[in-house]
There are 2 protein chains.
Amino acid sequence: MPETTRRTDRFPGTRYGNRPTMKDVAARAGVGLKTVSRVVNGEPGVTAETERRVQEAIEALGFRRNDSARVLRKGRTASIGLVLEDLADPFYGPLSRAVEEVARAHGALLINGSSAEDADREQELVLALCARRVDGLVVIPAGDDHRYLEPEIKAGVATVFVDRPAGHIDADVVVSDNYGGAHDGVSHLIAHGHRRIGFIGDMPRIHTAAERLRGYRTAMEDAGIPVADSWMSLGVTDPERVRRAAREMLSGPEPVTAIFTGNNRVTVTVIRVLAEHTRPVALVGFDDIELADLLQPGVTVVAQDAAALGRTAAERLFRQLDGTLLAPERIELPTRLITRGSGELPPAD
Amino acid sequence: MPETTRRTDRFPGTRYGNRPTMKDVAARAGVGLKTVSRVVNGEPGVTAETERRVQEAIEALGFRRNDSARVLRKGRTASIGLVLEDLADPFYGPLSRAVEEVARAHGALLINGSSAEDADREQELVLALCARRVDGLVVIPAGDDHRYLEPEIKAGVATVFVDRPAGHIDADVVVSDNYGGAHDGVSHLIAHGHRRIGFIGDMPRIHTAAERLRGYRTAMEDAGIPVADSWMSLGVTDPERVRRAAREMLSGPEPVTAIFTGNNRVTVTVIRVLAEHTRPVALVGFDDIELADLLQPGVTVVAQDAAALGRTAAERLFRQLDGTLLAPERIELPTRLITRGSGELPPAD
DNA sequence: TACGAGGCTGACAACGTTGTCCAGGCTCTA
DNA sequence: TAGAGCCTGGACAACGTTGTCAGCCTCGTA
């Protein structure tokens, strides 16, 4: 029975049960505490025979090093935090996975949490992660003021923002070329003869939404097409309202012949609306969606590389931790137009 | 400047930078260490005036409690681990999110990792989580021997397996009714007149795959239909081989008129094959897929409730931690047949 | 006025690990 | 054979926090 058994009496709430400690292992192996530490960490300076005895004791007691104590002593936790909007969103799965792979390559674990698009919850999560002393943070911001992070960053928490820039602080950020992608997508529709093109996107206070809107506006302007207010629907994101917005654009006095959708969720809903619609309407969506190629017609999209966003951000994070990184920077990854049919439909008035 | 500044000189590797500690806060506020602890933890027995002074010092120094030290002292980490196959798989997103929500409701953080369907990596991850002293583990097993977890469970790490049962140990497990779901799906095809029904699934050493295969076999048997070997393709999972397997079934001497697919990835590939195929072939797939309703025809599926799996497992985990839970149990959640068209096509010979 | 009760506060040890430093035993050489 | 140098092992403090406990101060009451 390990020496530490008594503990439970004093802390009935503990869940460690009676985990053996290095002290217990040392006692059983008949060696000093530090010798056990050396064996566990593969440090040199231990005879093969002593090592064998220690290993045997470890085995017998089922000892496992307590990393909390280790962290306390060493100062590094070898873990990083990832705060995103919603793990269940198919866009974030690959991103999260990419961050994890990079972390793994650096021997770090990933702690993550969903902000549910709520600024307070984002802050709560981030600060909880800081209290855990994660070495670094990858944050997909929900809020637009991140000054609360200043003391943390000053204290050495590496931080990289992804998908949207940080608010009111100077930090690394990795984003997609939202403006350029939207510009490409809308120009593509224009090149196929469309002039009355609708836009359905999120609230412009969200950075990505604002940039995509700007891409739409500029592409129209570049082509010399004045935009009617009724062609734009902003801040609309729940399916029911998207559906209504789409129907209005399609049936107004100046009905659109094409729609550009600002994110994957909107795209899916609009596809449903168009499926019920008799007149063919062209569609280009921001973000790729699964099975887009199997629909009739295939859905033309402006695709972001979610995995690349995550990978780039995580790599930058670890470069901050290495100390090989200098000033905060903004990195923009290109988007890719994937033509599948829906964006190449001619205007049908 | 906080007193702990010196630290950096001694441990140049540390990333804490110079984080103020409670000691620093105490010094600045002119109070004792324990008083700071009381304020930080909202314990009673502190005058309003003293509390104000402490809060002020906390603010000024940017202090944040070090949870590693707290954990070491208290014994509970208020974090749980989730080990799954691949975060990027759309099936696991909602599951992971559901686990997170339950954890959040219990004030715990979620640490997760992908095993990449590799048994060694699963073990490595699980043990790393145990070294962090997570309070509990939710595991979607990749390997089939979990005896390595015995000392951990004995030491008090709550453990729940999801989606597939644990190997060689007695532990809580939450699974879908894979057998029943597959039986329903295949019976549905039979009810629509099919007799030559193909099955494409994963290796039967994977529990879910074996159960689904059993559902297929039993449904056929129940209908008195002998199964030709050429109708079954097992252990096939990469797109190229699935494609080949499907084509062979469709063109053999006894061509199938319907296919039952064993998981979402297989289903997607088979949909692609059928899209190029002239003769209409019925299809029912295990697992729901996004946009399945928008394809022509809509894809009939046997849907699992991934979120419910995660939620149920996590709740059980916390009941283990509460101590309100008794013996390990196996919980089976029902599946649901969603008819959308592809499963209702009549046989076309 | 003296005394006890109760409210605040702080000193101290402990959580399990690792870095530092020293002791003792060995080998090797002059 | 003595001294230098190396190798192995252990004692001890420290990481930042919390539980225990004892001391002090104030207030009410006899």
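Below, chains carry the letters A, B, ... as their sequence lines are ordered, and counting in each starts from 1.
In this structure A:Ala128 satisfies the side chain to side chain contact (heavy atoms under 4.5 Å, CB included) test together with B:Leu109, sequence neighbours excluded. Residues meeting the ring pair (Phe, Tyr, Trp, His ring centres under 6.0 Å) test with A:Phe161, sequence neighbours left out: A:His146. When the side chain to side chain contact (heavy atoms under 4.5 Å, CB included) test is applied to A:Asp170, the partners found at least two apart in sequence or on another chain are A:Pro328. When the side chain to side chain contact (heavy atoms under 4.5 Å, CB included) test is applied to A:Ala116, the partners found at least two apart in sequence or on another chain are A:Arg121, B:Arg97. For A:Phe318, the ring pair (Phe, Tyr, Trp, His ring centres under 6.0 Å) test picks out A:His106, with sequence neighbours left out. Here B:Glu56 pairs with B:Arg52 under the side chain to side chain contact (heavy atoms under 4.5 Å, CB included) rule; sequence neighbours left out. Residues passing the side-chain hydrogen bond (donor to acceptor under 3.5 Å, both in side chains) test with A:Thr312: none are found, sequence neighbours excluded.
Each of B:Ala69 and B:Val31 was matched to the nucleotide of DNA chain C holding its nearest heavy atom; the match closer to the 5' end belongs to B:Val31.
The salt bridge (charged side-chain N to carboxylate O under 4.0 Å, His left out) analysis of residues 61-72 of chain B, with sequence neighbours excluded, yields the pairs A:Arg132-B:Asp67, A:Glu152-B:Arg64, B:Arg65-B:Asp67. Residues in residues 27-42 of chain A take part in no salt bridge (charged side-chain N to carboxylate O under 4.0 Å, His left out) pair, two or more places apart or across chains.
A rotation axis mapping the C1' atoms of four pairs onto the next four is fitted at both ends of the helix from C:dT1-D:dA30 to C:dA30-D:dT1 over five pairs, and the angle between these axes is 60° to 10 degrees.
Looking at A:Glu49 and A:Arg53, a side-chain N of the basic residue comes within less than 4.0 Å of a carboxylate O on the acidic one, giving a salt bridge.
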Protein N or O to nucleotides 25-27 of chain D N or O, pairs below 3.5 Å:
none

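A donor-acceptor contact under 3.5 Å is formed by the side chain of A:Arg73 with the base of C:dT18.
Within residues 34-44 of chain A, the residues that have a heavy atom under 4.0 Å from DNA chain D are, in order of number, A:Lys34, A:Thr35, A:Arg38.
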